Amino acid sequence: MQTENKKYDLPKGYEFDEVEKRWYRYWLEQKTFAAKMEEGKDSFSIVIPPPNVTGVLHIGHALNNTLQDILVRYHRMKGDNTLWVPGTDHAGIATQNVVERQLATENLTRHDLGREKFIERVWQWREEKGGTIINQLKRMGASCDWDRERFTMDEGLSRAVREVFVRLYNEGLIYKGDYIVNWCPRCHTALADDEVEHDPTEGKLYHLKYPYADGSGEVIVATTRPETMLGDTAVAVHPEDERYRGLEKIGIRLPLSDRIIPVVLDHHVQREFGTGALKVTPAHDRDDYEIGLRHELARIKVMDDHGVMNENAGAYQGLDRFACRKQIVADLEEQGFLDKIEPYEHAVGKCYRCGTVVEPTTSKQWFVSVRPLADKAVAAVREGRINIYPNTWYNTFYSWMDNIRDWCISRQIWWGHRIPAWTCKGCGKFVVVVEEPETCPFCGSSELSQETDVLDTWFSSALWPFSTLGWPENTKELQTFYPTSILITSFDILFFWVARMMMMGLHFMDEVPFHDVYLHALVRDKHGKKMSKSTGNVIDPLVMNDKYGTDAFRFTLTAFAAQGREIRMDEERIEGYRRFINKLWNAARFAQMHIKDADPEITGVCDDPSSLPLPHRWILSRTNRTIIEVRAALDGYNFNEIASGLYQFTWHAFCDWYVEWIKADLYGDDETARTNARGVLLCVLENILKLQHPVTPFVTEEIWSQLPGERRTIMLESFPKENPAWQDDEADAAMELLMAVISGLRTIRTEAELHPTAKISAVIIVPDRKKRELLEAFSGSICSMVRAEKLDIVAEAEVPDDAGHALVQEVELVVPLSGLIDVEAELAKLERKRQKLNKELARVQGKLGNEKFLNNAPEAVVDKEREKETEFKVRLAKNEESMARLKKLQ
RNA sequence: AGGCGCGUAGCUCAGUGGGAGAGCGCUACCUUGACAUGGUAGAAGUCGGCGGUUCGAAACCGCCCGUGCCUACCA
């Protein structure tokens with residue numbers, strides 16, 4: 001064993017754990033991820049979708065960042081000025097919640113600390129815990145330029161946020177106004193739509209009688225929230241609803257109130273629902289708000305911020321909204337205005353933090369007028385200045401952008417960018433400036449109070465592509481790397497984030513923020529279910545890294561990343577690719593055994609392969625094709641094709657055929673043959689490593705470093721380029737024949753149930769002279785690969801009855817097997833083949849007998865069908881001969 | 001309710017107009033000097049169903065069935 005081990009410098013199995021740690025440390029120390037800004041080079045840049053600073057790496061991050069890392073490593077090797085900007089998002093509400101929960105364990109609330117102290121506390125939390133996800137990204141092998149790590153709340157980005165806010169305000173694109181928002185009466189904040197959870201809830205539908213103003217009749221309206229009737233300012237019906245024709249001229253007398261409210265005609269009303277009449281409460285319902293705008297209706301708020309009825313509720317003032325509901329229903333019933341109450345299951349919006357029923361209500365909020373900004377974004381996409389991959393998302397994008405509403409950017413929390421607007425107590429005007437003013441520029445008063453709201457987290461992330469590069473300064477980074485090349489993100493934030501980056505980038509940089517958008521799929525479990533902690537089907541990327549190695553996991557993610565909408569992650573696949581990594585490792589181990597020293601004579605072997613023996617020319621030709629394929633897949637973001645191209649080539653072409661084929665040369669005595677084999681072996685392996693480095697950085701780097709010669713990191717090697725000198729169609733065809741012959745003979749062996757080591761003799765009947773010469777030239781290789789002790793290659797021969805027989809590419813393979821043939825089984829198989837061939841022949845002949853086919857199909861297709869017809873006929877004839885021979889043995 | 005997907009080998013998935021593919025699993029044989037995390041060979045599919053377009057459909061169109069997601073959850 002001692003001497004055995006000396007032959008190899010590499011361990012038998014790939015030990016990823018130690019390798020990954022060692023190389024990542026090395027890369028960081030050598031700053032190999034640092035962006036260069038050299039004159040005259042192409043630029044490639046990506047800004048990371050900043051994960052929440054509270055985040056923990058999940059499989060979506062793993063996918064997202066693996067794809068980015070692949071492109072970044074690829075372009076870096078191509079020699080581009082390459083930058084990948086990392087960073088995290090301050091994630092307003094999420095982070096505030098985390099710290100509030102921490103405070104809760106000390107029996108404190110943020111109000112106990114006060115705003116300033118609380119924010120200090122958040123920063124402290126960020127210092128201690130905020131680096132978690134960054135370290136996890138490093139574990140994935142991400143080659144971000146870590147010295148450029150940014151945080152959406154850091155000094156530079158905060159400056160950019162204020163600058164943008166002030167400019168938009170001065171341009172009239174930011175305003176403060178009333179708006180209907182999702183209000184949480186407990187948290188006292190407006191909630192974004194995605195912060196509201198909708199649960200199906202058992203409720204009641206109240207049918208109320210609303211009398212006509214002239215007493216001539218009544219209309220019945222239905223509601224789940226009767227207390228809002230106090231704020232009703234209209235009843236709406238469909239304009240074409242015959243039942244209510246003319247009612248708009250009469251009006252309604254609102255029960256429990258003396259108010260006369262109008263009847264408005266609006267297409268929004270569904271005639272089929274209930275009675276087709278809708279009470280309109282513009283201050284407390286989103287749709288009613290819209291109707292109110294259309295018909296210029298008054299908005300009467302009947303509740304305060306706590307969900308308690310206010311002065312507009314008259315006698316009900318001071319009641320909680322739910323208590324008020326009971327009272328109102330009782331009063332309506334008593335006064336005869338209640339028609340009926342039905343049980344009703346409907347979805348009720350609840351605060352995602354505390355579960356309190358959300359109250360739609362109007363409140364003063366800050367808004368961005370997005371229409372002009374959105375138009376620019378849509379134009380950029382329509383004109384192809386931004387491309388979206390996969391292209392199925394264009395329609396969704398356009399329909400979202402067409403229906404876009406003004407963007408509510410204020411949030412009633414403490415953690416975030418505080419709105420840079422001050423109200424002057426002297427003159428009452430707004431002062432909106434980048435730096436805190438000492439006096440009011442309008443009246444000189446020094447009594448200024450800043451807005452207490454902070455900005456929506458998405459506001460700062462919308463600026464990410466240029467704020468991280470130093471904007472508003474015109475930095476070299478901005479000049480070199482903006483617009484960024486591609487944004488890779490999950491499709492669920494196309495609207496929240498991607499579209500807003502387009503708007504902001506186009507507005508402030510007058511240029512798109514990125515040329516391409518790649519929206520990757522959502523990772524689900526293998527049954528298509530969303531991964532969630534409660535379901536228990538979560539695949540933790542860090543666990544996968546530990547279990548199978550980061551490279552295997554990355555390769556799996558890449559192989560799954562077709563341009564679709566969902567990925568069903570199956571852990572077994574990761575195991576499969578772990579074996580692939582190990583296969584590569586062992587191929588390298590084999591190569592290394594034979595190429596211990598970098599003797600100069602092997603290094604130039606591949607420069608001009610035209611005089612090399614066939615197998616070398618073939619593998620170099622295949623290498624060239626793989627380079628072309630992998631590059632095309634990289635350039636077209638077809639990540640799964642990168643993986644499958646590498647897998648097929650490395651395992652099935654390189655390991656299965658080439659390495660096996662050249663063993664005779666490597667173990668033989670012919671010095672020239674050895675040198676050629678060693679040279680090509682090393683050259684192809686080097687190309688594999690470089691091609692695969694972007695996907696599996698660790699194992700490729702480790703093998704690379706173990707290869708002979710002085711080697712710098714593989715990251716500094718140039719990515720393989722198409723090499724026309726390697727392309728060799730003749731070699732491809734010749735090897736295909738050889739491989740088909742070998743496989744055919746092996747099949748005969750197996751089917752005769754010969755022992756794998758048993759020697760055979762074989763006859764190959766080749767009418768074609770060129771093919772015959774080729775086979776003769778490689779008869780030695782054929783013999784060793786099929787374990788034949790005798791091989792006759794002839795132009796024609798009688799096939800003995802008692803022989804295994806096959807036909808490949810017009811070459812007959814004959815293996816005499818006296819007494820070893822299972823005649824019945826063989827006949828049955830031939831019969832199955834015959835039927836299949838007959839079926840295919842019939843189909844082909846059907847086509848060729850069809851005038852329309854001959855007239856309409858392209859010539860090449862017709863020719864191909866003719867070739868098939870001939871081929872099938874020959875094979876059928878041979879099939880019949882075989883059967884005839886076998887029948888003699890019966 | 002609308003919108004968007006998906007349905008291809010036992011499983012997980014590629015494949016967008018011209019002879020059904022991969023990985024895993026399965027079967028048989030094999031410790032041959034890179035690797036048993038391996039090798040060789042093999043079995044296995046009415047490409048969800050029904051219609052249509054086409055000379056030709058797994059692919060394009062329509063309907064149906066099954067399944068998943070996203071909006072709005074509508075008084």
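Keep in mind that what you see is a predicted model, and the values were worked out from it rather than measured.
The side chain of A:R579 sits closest to B:rG38 out of B:rG38, B:rC11, B:rA34. Which of B:rC29, B:rA34, B:rU37 sits closest to the side chain of A:R589 comes down to B:rA34. With B:rU37, B:rC24, B:rA75 as the candidates, the nucleotide lying closest to the side chain of A:E572 is B:rC24. With B:rU12, B:rA34, B:rC30 as the candidates, the nucleotide lying closest to the side chain of A:H755 is B:rC30. Closest to the side chain of A:Y647, out of B:rA41, B:rU12, B:rG23, is B:rG23.
In terms of the side-chain contact (heavy atoms from CB on, under 4.5 Å) criterion, residue partners of A:N856 (sequence neighbours excluded) are, by chain and number, A:K852.
Taking atom C1' on both nucleotides, B:rA44 is separated from B:rG25 by 12 Å, rounded to a whole Å. Nucleotides B:rA20 and B:rC47 place their C1' atoms 8 Å apart, quoted to the nearest Å. On the C1' atoms, B:rU16 is 14 Å away from B:rC61, given to the nearest whole Å. As rounded to the nearest Å, B:rG19 and B:rG56 have C1' atoms that lie 12 Å from one another. The separation of B:rU37 from B:rG45, taken at their P atoms, amounts to 31 Å, rounded to a whole angstrom. Annotation: B:rA22 and B:rA9 have their P atoms spaced 13 Å apart (nearest Å). Separation of the P atoms belonging to B:rC63 and B:rU71 is 25 Å when rounded to the nearest angstrom. For the C1' atom pair drawn from B:rC6 and B:rA58, the interatomic distance equals 14 Å after rounding to whole Å.
When both distances must be under 3.5 Å, the Watson-Crick or G-U wobble mate of B:rC50 is B:rG62. With both pairing distances under 3.5 Å, B:rG38 is matched to B:rC30 as a Watson-Crick or G-U wobble pair. Pairing partner, B:rU16: none, since no Watson-Crick or wobble contact has both distances short of 3.5 Å. Across all strands shown, nothing is found opposite B:rA44 as a Watson-Crick or G-U wobble partner with both distances under 3.5 Å. The partner of B:rG56, taking Watson-Crick or G-U wobble pairs whose two distances both stay under 3.5 Å, does not exist in any strand shown. In a base pair of the Watson-Crick type (N1 to N3 plus N6-O4 or O6-N4) or a G-U wobble (N1-O2 and O6-N3), with each distance short of 3.5 Å, B:rG5 is matched with B:rU67.
Judged by atom type and distance alone, A:E660 reaches the base of B:rA34 through a side-chain donor-acceptor pair under 3.5 Å. In the interface, the side chain of A:N582 is paired with the base of B:rU37 through a donor and an acceptor atom under 3.5 Å apart.
Taking the ring centre of A:Y647 as origin, the terminal cationic atom of A:K583 falls outside the region bounded by 6.0 Å and 45° from the ring axis.
As a whole-Å value, the separation of A:F560 CZ from B:rC11 C1' is 11 Å. Here the P atom of nucleotide B:rA75 and the CD atom of A:E342 are 12 Å apart, to the nearest Å. The CG atom of A:L494 sits 15 Å away from the C1' atom of B:rC69 (whole-angstrom rounding). Atom NZ in A:K829 sits about 18 Å away from atom P in B:rA28, given to the nearest Å. Distance CZ (A:F590) to C1' (B:rA34): 6 Å, rounded to an integer number of Å. Taking atom CD1 on A:I748 and atom P on B:rA28, their separation rounds to 23 Å, with Å as the unit. Between A:E575 atom CD and B:rC24 atom P there is a gap of 10 Å when expressed in whole angstrom units. We find that CG of A:L584 is positioned 14 Å from P of B:rG38, with the value rounded to whole Å.
Between atom CG of residue A:D232 and atom NE2 of residue A:H284 there is a gap of 10.0 Å, rounded to the nearest 0.5 Å. The structure places CH2 of A:W393 at 10.0 Å from CD1 of A:I388, a figure rounded to the nearest 0.5 Å. Rounding to the nearest 0.5 Å places OH of A:Y548 at 9.0 Å from OG1 of A:T556.
Residue A:T223 is in sugar-phosphate contact alone, with no base atom involved, counting any heavy-atom pair closer than 4.0 Å across all strands shown. Within 4.0 Å (heavy atoms only), A:N850 reaches sugar-phosphate atoms of the nucleic acid but no base atom. Counting non-hydrogen atoms under 4.0 angstrom, A:N855 reaches nothing in the nucleic acid. Residue A:R578 is classed as a base contact, given a heavy-atom separation below 4.0 Å to a base. Here A:R746 lies in heavy-atom contact (under 4.0 Å) with sugar-phosphate atoms only.
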Given A:R843 and A:E840, is the salt bridge (Lys or Arg N to Asp or Glu O under 4.0 Å) satisfied, shown in steps? CA-CA 5 Å; A:R843 203 168 50 80; A:E840 295 194 42; 5.1 Å; no
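For the pair A:T747 and B:rG42, the criterion of a side-chain N or O lying under 4.0 Å from OP1 or OP2 is met. An OP1 or OP2 oxygen of B:rU32 is reached within less than 4.0 angstrom by no side-chain nitrogen or oxygen of A:R787. Between A:H652 and the phosphate of B:rG21, there is no side-chain N or O to OP1/OP2 separation shorter than 4.0 Å. Listed pair A:T757 / B:rC30 fails the phosphate criterion, with no side-chain N or O lying under 4.0 Å from OP1 or OP2. Taking only side-chain nitrogens and oxygens, A:K583 comes nearer than 4.0 Å to OP1 or OP2 of B:rG39. Note on A:K663: a side-chain N or O is less than 4.0 Å away from OP1 or OP2 of B:rA34. The phosphate of B:rG39 (OP1 or OP2) has a side-chain N or O of A:W651 nearer than 4.0 angstrom.
At a threshold of 4.0 Å, the pair A:E871-A:K868 does not count as salt-bridged, since none of the basic side-chain nitrogens sits closer than that to a carboxylate oxygen.
With hydrogens and angles ignored, the 3.5 Å screen pairs no side-chain donor or acceptor of A:D266 with any backbone N or O of A:I291. At distances below 3.5 Å, not a single donor-acceptor pair connects side-chain atoms of A:N850 with backbone N or O atoms of A:G846.
Aromatic ring centres of A:Y667 and A:H594 lie closer together than 6.0 Å.
For A:E831, the CD atom sits in a packed shell: over 12 heavy atoms of surrounding residues, nucleotides or ligands are nearer than 6.0 Å.
In terms of position along RNA chain B, the nucleotide closest to A:T750 lies nearer the 5' end than the nucleotide closest to the other residue of the pair A:R225 and A:T750. The nearest heavy atom of RNA chain B to A:G276 and to A:E751 marks one nucleotide each, and the one closer to the 5' end goes with A:E751.
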How would you summarise protein contacts on nucleotides 15-20 of chain B per nucleotide, using B for base, S for sugar-phosphate only and - for none, with heavy-atom distances below 4.0 Å? ---BB-
